[in-house]
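This report refers to the structure that appears directly beneath it.
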Amino acid sequence: MYRPDEIEPKWQKRWKEEGVYKTEEKGDKQKFYCLDMFPYPSGAGLHVGHLEGYTATDVYSRYKRAQGFNVLHPMGWDAFGLPAENFAIKKGIHPSETTQKAIDWYKSQLNMVGLSYDWSREINTSDPNYYKWTQWLFLLLFKHGLAYKKEAPVNWCPSCQTVLANEQVVKKDDKNVCERCDAEVIQKNLDQWFLKITDYADRLLSGFEDIDWPASTREGQKNWIGRQEGAKIKWKIFIGDSDKPAQSEVETFTKYPETIFGTTFLAIAPEHTLIGNIVVTGEQNSVNNYIKVSAKKTNFQRGDLLKDKTGVFTGSFALNPANGKKIPIWVADYVLPTYGTGAVFGVPAHDKRDFNFAKKYNIEIVRVIKSTNGDEGPVETEDQVIEEGQMINSDFLNGLDAQTDAKEKVKEYLEEKGFGDREVFYNLRDWLISRQRYWGAPIPVVYCPHCAHFEEAGECCGGDCGCKHEESGSETSHSCQCCNCETATQITTIDGVKYAIVPLSEESLPVELPKDVDFKPTGESPLARSKDFQKDVTCPKCGAREAVRREVDTLDTFVDSSWYFLRFCDPNNALEFASSESLKKFCPVDLYVGGDHVTTHLIFARFFTKVLYDCGFIDFDEPFTKFRFLGLILGEDNRKMSKRWGNVINPEDVVSGLGADSLRSFEMFMGPLDVTKPWSTSGVEGVRRFYNRIWELTHFASQNNSVTSSREATALMHRLIKKITFDMDELKFNTAIASMMEFVNFWQKNKEVVGVDLVKRFLVLVAPFGPHIAEELWEVLGLKFSVTKESWPKFDEALVYDEEVEIVIQINGKVRGRVMVPSDEIKDKAKVESKVLAAEKVRELIKGVEIKATFYSEGRVFNIVSA
RNA sequence: GCCGGGAUGGCGGAAUUGGCAGACGCGUUGGGCUUAGAACCCAAUGGAGCUUAAAUAACUCCGUGGGAGUUCGAUUCUCCCUUCCGGCACCA
């Protein structure tokens with residue numbers, strides 16, 4: 001009797017003892033790096049959705065090992081993060097404790113399903129041995145000018161007194177509220193750390209050429225990066241009624257420069273730096289009020305008011321460089337400070353937002369594009385607002401097609417006259433990585449007032465050397481070639497005091513996360529309250545101790561997970577994040593399977609990889625050669641699994657009831673990996689029946705081992721090997737299992753023609769999916785441990801076909817019969833044709849009919865076409 | 001609004017990429033085994049029609065969201081439409 005509850009733990013123990021899944025450090029086997037997205041170990045445990053991905057990579061790893069590859073298949077823990085900290089706040093248990101508990105549980109669950117990880121390479125992002133290198137990477141980015149500090153709006157819960165991640169802000173009754181206390185979230189400006197991922201926008205776009213990623217993921221990232229070609233146009237400003245242009249100009253970005261003759265106003269964001277210079281005295285109050293009101297709106301609310309555009313006139317005018325017309329300058333909060341230049345020129349006739357704005361404030365509307373339906377009258381309703389057609393009322397652009405020739409010509413014109421330039425803008429923003437939270441890696445910098453003082457006093461060169469001093473907001477960056485400053489020194493202001501931002505030395509890493517911290521939220525970063533943390537802080541640059549402070553923010557967990565795949569190559573290295581030999585040996589990742597984190601993890605990991613490539617640490621610049629994402633697994637009721645619906649499937653229950661092999665195989669049998677599909681308990685039972693049959697049939701074969709396999713059975717086996725090998729390479733595990741089931745159905749009906757020689761090969765095919773039963777039956781056949789070390793069976797093309805092949809006969813495309821043809825004749829059309837024409841039924845049907853043509857698809861179909 | 005991906009029996013899905021539509025599994029129905037049930041085994045299972053006393057078998061037509069097209073032949077390719085799912089979005 002097949003008893004998975006007995007054989008599964010037995011073999012799991014043996015595999016562990018014998019270390020069968022250890023990645024080889026030496027040897028000349030070709031490598032294969034097969035990786036899962038490592039989980040965040042939470043109190044909820046693993047569910048069957050996690051296991052779908054883990055099983056898929058496990059099946060593939062086993063397949064690759066059988067093909068003779070040295071497979072790196074590791075697992076670890078994305079262990080820092082908010083849920084553990086929130087739980088700690090609620091229950092008073094330290095996050096390290098809850099996290100360790102969760103890890104132990106996850107690990108036992110993974111082992112329970114027989115996943116073939118090399119546990120000697122286990123990593124944990126909250127371990128100082130790991131985050132030492134996360135901090136090291138931060139310093140590397142800092143040194144290359146890719147990490148900087150700047151003021152930015154964050155989500156703030158006034159009741160919990162804390163910063164919230166975007167995921168913790170939920171919508172309730174049209175308000176953005178804190179998920180824990182329902183208080184309305186506000187936006188607050190705080191000094192934040194950013195990584196300059198925008199520097200890599202073009203590289204992140206072009207990198208897709210040589211990697212095998214799903215189209216949706218690729219397109220999603222391209223969209224997110226949002227490269228847009230357009231033009232930057234400069235506008236002269238006239239303050240109030242003055243007819244002399246002011247010194248400063250305003251710049252606008254547009255993708256539609258061809259509409260410039262239709263411009264009737266100019267709008268700038270309330271945050272625009274020019275506002276101070278251009279608002280006339282009479283409008284001062286209304287503008288100030290407007291700025292105050294829109295400052296209260298979150299970005300979210302600003303985007304919500306789709307139709308209701310508001311704004312206020314500044315009293316000043318801009319000069320349209322194309323036609324010399326003066327147009328009013330308005331302040332409007334539908335213009336976003338974060339996109340383009342924070343200023344737009346308004347063309348109400350050809351932009352819906354501008355149209356709504358112009359309607360509201362009675363601004364002139366000038367049509368410059370004739371609709372493709374011939375409409376060239378005044379634009380009076382929103383649906384008349386179009387972008388495509390022929391240019392009119394536009395001087396030298398008249399008659400040209402708006403989106404092609406006119407666009408090109410006006411760009412040439414602007415460049416030639418010096419009115420503007422071609423310009424590319426991106427939607428991608430720099431990545432905000434600092435968190436005012438406890439459970440994360442500390443950011444390894446200190447703030448030194450003495451260094452800031454040297455800097456201010458011009459200790460190096462006094463700014464006489466002609467090197468660049470840039471000021472923006474609270475920070476000053478100073479890059480100097482004459483005083484041996486290695487890097488630009490950023491200056492920041494904390495509580496009114498100026499500090500230089502000084503990175504720690506590599507030798508001083510890791511900056512350990514103190515354990516004795518009161519992490520109850522009060523509004524400041526919890527680390528600020530640790531006495532240990534601020535003790536004996538020395539500035540690594542000037543050696544000062546007095547008044548030097550540590551950074552108290554921690555790194556976003558996405559930083560931890562942006563490079564973990566590199567650490568798996570050399571997880572215990574204390575001198576480097578990984579040795580270059582180990583990186584060369586295993587990287588890049590050959591197959592990566594997990595959630596479709598298009599705009600977060602997957603783009604951050606690509607960014608880090610490119611930076612490390614540029615710095616010469618690795619010799620590849622795309623981390624994941626092949627990526628596949630997983631579809632959601634729904635409950636049996638077709639709803640998302642949730643405690644609320646009571647439809648959650650617990651893997652432990654499935655394993656104890658039907659066995660790990662049935663669970664694994666069913667997850668692979670359900671359908672393609674990337675589609676959303678519902679769970680089915682009777683479906684798992686079906687797979688269990690399949691294994692029961694294999695169990696009984698193998699025992700039968702073992703007791704009747706004098707049986708010689710028939711030609712038909714042998715052909716079936718070779719066909720099966722061919723089919724499964726093909727499916728494995730394509731990750732089509734559902735059809736691989738289906739074809740094994742077909743073979744078993746044949747075997748069941750023809751027990752006496754399937755010999756042990758075929759059963760042996762069959763078990764090797766089964767092993768990736770049902771490793772425990774395959775191992776047990778391997779032993780039943782009296783074979784040497786272990787089936788996991790067997791080579792993948794080969795098929796002989798000559799044996800794939802049976803002695804005879806059935807050809808379908810069609811007349812005018814309709815199936816009218818079939819004929820058997822010896823397999824060595826199927827390539828010969830003439831021979832097949834004579835057999836087809838000789839068939840009795842065909843003779844009857846084509847009697848007296850003229851045959852116009854015949855078509856033959858080798859080994860499949862013969863089509864006779866009559867007149 | 002933009003981008004991406006879908007739509008095939010009662011259900012999950014298959015179709016070697018232009019060649020027998022519905023593999024495989026679930027479910028359902030009938031039968032066997034059994035005192036009975038569970039388990040197991042066997043068989044049937046897209047729809048309509050025709051034939052027949054009835055059943056079996058055979059045969060014919062329709063059928064892959066809808067409509068056109070290309071082709072000897074279309075679930076597969078092209079165009080238009082409907083609809084669902086996912087992502088992004090006052091993005092100038």
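Chain letters run A, B, ... following the sequence lines, proteins first and then strands; every chain starts at 1.
Each of A/Phe253 and A/Pro672 has a nearest nucleotide on RNA chain B; the 5'-most of these lies closest to A/Pro672. Nearer to the 5' terminus of RNA chain B, by closest-nucleotide assignment, is the contact made by A/Glu806 (compared with the other of A/Ser739 and A/Glu806).
Computed from coordinates, the A/Asn356 CG to B/G1 P distance equals 15 Å when rounded to whole Å. For A/Ile633 and B/G12, the CD1 to P distance is 15 Å, given to the nearest whole Å. Look at CH2 on A/Trp330: it is 23 Å from P on B/C90, rounded to the nearest Å. Rounded to an integer number of Å, the gap from A/Arg816 CZ to B/G19 C1' is 16 Å. Between the P atom of B/C85 and the CG atom of A/Leu634 lies a distance of 13 Å, rounded to the nearest Å. For the pair A/Tyr856 OH and B/C72 C1', the interatomic distance rounds to 16 Å; values are reported in whole Å. In this structure, A/Arg664 atom CZ and B/G25 atom C1' are separated by 19 Å, rounded to whole Å. What separates CH2 of A/Trp224 from C1' of B/C3 is a distance of 14 Å, to the nearest Å.
No contact: A/Asp596 has no heavy atom under 4.0 Å from any strand. Counting any heavy atom pair closer than 4.0 Å across all strands shown, A/Ser682 reaches sugar-phosphate atoms only and no base atom. If you check every strand for non-hydrogen atoms under 4.0 Å, A/Lys352 touches nothing. In this structure, A/Thr854 reaches neither bases nor backbone, as no heavy-atom distance under 4.0 Å exists between it and the strands shown. Among the heavy atoms of the strands lying under 4.0 Å from A/Val675 are primed sugar atoms or P, OP1, OP2 only; no base atom is included. The residue A/Lys232 sits apart from the nucleic acid: no heavy atom pair falls under 4.0 Å. Within 4.0 Å of A/Pro214, counting heavy atoms only, lies no atom of the nucleic acid at all. Note on A/Phe726: nothing from the nucleic acid sits closer than 4.0 angstrom, heavy atoms only. Using a 4.0 Å heavy-atom distance criterion, A/Arg818 is classed as a base contact. Within the 4.0 angstrom heavy-atom criterion, no nucleotide atom of any strand lies near A/Gly226. A/Arg688 comes within 4.0 angstrom of no nucleic acid atom, judged by non-hydrogen atoms across all strands.
The nucleotide B/U76 finds no pairing partner, because no Watson-Crick or G-U wobble arrangement with both distances shorter than 3.5 Å includes it. A 3.5 Å limit on both hydrogen-bonding distances identifies B/G87 as the Watson-Crick or G-U partner of B/C2. Both distances falling under 3.5 Å, in either a Watson-Crick or a G-U wobble arrangement, place B/U45 opposite B/G27. Across all strands shown, B/A7 pairs with B/U82; the Watson-Crick or G-U wobble distances both stay below 3.5 Å.
Listed pair A/Arg860 / B/G18 fails the phosphate criterion, with no side-chain N or O lying under 4.0 Å from OP1 or OP2. Phosphate contact (OP1/OP2 of B/C91, side-chain N/O of A/Arg353, threshold under 4.0 Å): present. Listed pair A/Lys852 / B/G73 fails the phosphate criterion, with no side-chain N or O lying under 4.0 Å from OP1 or OP2. Within the 4.0 Å cut-off from OP1 or OP2 of B/A14, at least one side-chain nitrogen or oxygen of A/Asn734 is found. Distances shorter than 4.0 Å separate some side-chain N or O of A/Asn745 from OP1 or OP2 on B/G25. For the OP1/OP2 pair of B/C2 and a distance below 4.0 Å, the side-chain nitrogens and oxygens of A/Lys222 include no atom meeting the criterion. Here A/Arg689 does not reach the OP1 or OP2 of B/A39: none of its side-chain N or O atoms lies under 4.0 Å away.
Between A/Pro348 and A/Gly262, the shortest heavy-atom contact is CD-O, 4.0 Å.
For the side-chain contact (heavy atoms from CB on, under 4.5 Å) with A/Trp747, the lone residue among A/Val753, A/Leu716, A/Leu697 that qualifies is A/Leu697.
Taking atom C1' on both nucleotides, B/C91 is separated from B/G1 by 12 Å, rounded to a whole Å. Rounded to a whole angstrom, the distance from the P atom of B/C26 to that of B/C79 is 40 Å. Taking atom C1' in both B/G25 and B/C81, the straight-line distance is 35 Å, to the nearest Å. Comparing B/G73 with B/C20, their P atoms are spaced 15 Å from each other, to the whole Å. If you take atom C1' in B/U83 and the same atom in B/G65, they sit 8 Å apart, rounded to whole Å. For the P atoms, the distance linking B/G13 with B/G6 amounts to 13 Å, nearest Å. Nucleotides B/U71 and B/C2 place their P atoms 33 Å apart, quoted to the nearest Å. Distance check on atom P: B/U76 versus B/G9 gives 15 Å, rounded to whole Å.
B/U17: glycosidic angle within 90° of 0, hence syn. In B/G9 the O4'-C1'-N dihedral to the base is within 90° of 0, which defines a syn nucleotide.
We find that the ring of A/Phe855 and the base of B/C72 stack, their centres lying under 5.5 angstrom apart and their planes tilted less than 30°.
Within 3.5 Å, a donor on the side chain of A/Gln810 pairs with an acceptor on the base of B/G19, or the reverse. A/Asn223 contributes no side-chain N or O that forms a donor-acceptor pair with the base of B/C3 under 3.5 Å.
Among the nucleotides B/C41, B/G12, B/C91, the one closest to the side chain of A/Phe669 is B/G12. Distances were taken from every side-chain heavy atom of A/Val815 (C-beta onward) to each of B/C90, B/A92, B/C20; the shortest belongs to B/C20. When each of B/C20, B/C59, B/G19 is scored by its nearest atom to the side-chain atoms of A/Val808, the top-ranked nucleotide is B/C20. Nearest to the side-chain atoms of A/Asp351 among the listed nucleotides B/C41, B/A92, B/C26 stands B/A92.
Annotation: side chain of A/Val861 is not in contact with side chain of A/Phe855 (no heavy-atom distance under 4.5 Å).
Between A/Lys309 and A/Asp354, no side-chain nitrogen of the basic residue sits less than 4.0 Å from a carboxylate oxygen of the acidic one, so the salt-bridge criterion is not met. A/Arg227 and A/Glu229 are joined by a salt bridge, as a carboxylate oxygen and a charged side-chain nitrogen come within less than 4.0 angstrom of each other. Under a 4.0 Å N-O distance rule, the pair A/Arg422/A/Glu408 qualifies as a salt bridge. One finds no salt bridge joining A/Asp674 and A/Arg628 here, because no Lys/Arg side-chain nitrogen approaches an Asp/Glu carboxylate oxygen to under 4.0 Å. A salt bridge does not link A/Glu742 with A/Lys723: every distance from a Lys NZ or Arg NE/NH1/NH2 to an Asp or Glu carboxylate oxygen is 4.0 Å or more.
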Verdict with reasoning, A/Val59 to A/Met728, per side chain to side chain contact (heavy atoms under 4.5 Å, CB included): CA-CA 9 Å; A/Val59 168; A/Met728 286 294 206; 3.9 Å; yes
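Geometric assessment of A/Arg606 against the ring of A/Phe208 yields a positive cation-pi assignment under the 6.0 Å and 45° thresholds.
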